[in-house]
Number of protein chains: 2
Amino acid sequence: MPVELRPLEALTLWHRVTLDLVREDGQDLSHDLSARQLAILLTIYLEPPPHTVRGLAGKLGVTKPVITRALDTMGRLDLVARRRDDADRRNVVIQRTVKGALAVERLGDLIVAHGRVLPR
Amino acid sequence: MPVELRPLEALTLWHRVTLDLVREDGQDLSHDLSARQLAILLTIYLEPPPHTVRGLAGKLGVTKPVITRALDTMGRLDLVARRRDDADRRNVVIQRTVKGALAVERLGDLIVAHGRVLPR
DNA sequence: CCGAAATAATACGGAACCGAAACGATCCGG
DNA sequence: CCGGATCGTTTCGGTTCCGTATTATTTCGG
């Protein structure tokens, strides 16, 4: 049943990476990062700036307080940083950090490493 | 810089799938499922049974109450089920459910769909 | 200028989760 | 048969997060 093969491999990849994330815990990343927090983190580091609270809330389909709180948490972990926009001081511009960049990079390496189970 | 290409694509895949998971919310899956809960769910559905609380705790490197609570939550969502082991009534055997199988299957399809961005 | 609009943050009550420890139920070797 | 070991659950105090509603600050059109 070659049709079933691809989804199973995709799930296997997801499974192994997630397991690694959970087990690393003490490390910078994860510590049981929620799906929302991870989505925010990846958006900040993969999509072109600037990123705002409102923009992220819209993109994820969640309310603004969710973003604010996630930024509080990830800011405490030094994964992201906040700065007032001088052009429009109502806005907060979310900035990347060295630690956050390293964490995202490490996640990429992790996926690639486990991706070797996939054919081709 | 062809060296950077693969990790970036892997992260892009992860990003898009995670975004979909967060946005689906109301659906069966996610509702901001934690990394731990997802790891447990995938272990149950991808690795051969039987699965026990102690076994899962060991595999994930977390304490038993963490597993118990995650099973409570996911059981409430009907993603997994618990049953006493008749052979050894101290054990609890974690069982799959139709709803859980569908959710995992849907995740697999989601990854495959977004995986089309990856070359080859 | 000044009031409406927009932005992010905060307050609030409720729910979930954490780690550590204690607890009941069950098994099993001697 | 019984005492230790094993297993899953529960309890405890504390922390975090949720959604909704509200607040403070800033911008901008008329």
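Within every chain, numbering begins at 1; the chains are lettered A, B, ... in the order of the sequence lines, protein sequences first and strands thereafter. Because only heavy atoms are used, hydrogens play no part in the values below, and waters and symmetry mates are left out as well, while side chains stay in. It should be emphasised that the depicted structure is a prediction, and the values quoted were computed from it without experimental measurement.
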Review point. With a 4.5 Å limit on heavy-atom distance, are the side chains of B:Gln37 and B:Leu41 in contact?
Key: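 Sidechains of B:Leu41 and B:Gln37: no contact.
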Quick check for you: among [options], whose closest atom lies nearest to any side-chain atom of [X]?
X: A:Val66; options: D:dC18, C:dT10, D:dG8; result: D:dC18
X: A:Lys64; options: C:dA8, D:dT11, D:dG8; result: C:dA8
X: A:Thr73; options: C:dA16, D:dC17, D:dC18; result: D:dC17

Exercise for review: Between protein and nucleotides 25-30 of chain D, map the contacts as a letter string: B base, S sugar-phosphate only, - none, heavy atoms under 4.0 Å, written 5' to 3'.
Suggested key: -BS---
Review point. Is there a donor on the side chain of B:Arg69 or the base of C:dG19 sitting less than 3.5 Å from an acceptor on the other?
Key: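 Between C:dG19 and B:Arg69, which were checked side chain against base, a qualifying N/O pair under 3.5 Å is present.
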Check your understanding: Does any donor-acceptor pair link the side chain of B:Arg82 with the base of D:dG8 at a separation under 3.5 Å?
Key ->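 Answer no: no donor N or O sits under 3.5 Å from an acceptor.
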Review point. Axis-to-axis angle across the helix from C:dC1-D:dG30 to C:dG30-D:dC1, five pairs an end, to 10 degrees?
Key: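 The value is 10°.
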Check your understanding: Between B:Thr97 (side chain) and B:Asp78 (backbone), is there a donor-acceptor pair under 3.5 Å?
Key ->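 Between the backbone of B:Asp78 and the side chain of B:Thr97 there is a qualifying donor-acceptor contact (under 3.5 Å).
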Counting only side-chain nitrogens and oxygens, does [X] get under 4.0 Å of the OP1 or OP2 atom of [N]?
X: B:Gln37; N: C:dC17; value: yes
X: A:Thr68; N: C:dA9; value: yes
X: A:Arg36; N: D:dT16; value: no

Exercise for review: Return the value, rounded to whole Å, for the distance between atom CD1 of B:Ile40 and atom P of D:dG8.
Suggested key: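 In whole Å, D:dG8 P lies 13 Å from B:Ile40 CD1.
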Review point. So which of residues 47-55 of chain A are in contact with DNA chain D, with a heavy-atom cut-off of under 4.0 Å?
Key: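 Heavy-atom cutoff 4.0 Å gives no residues at all.
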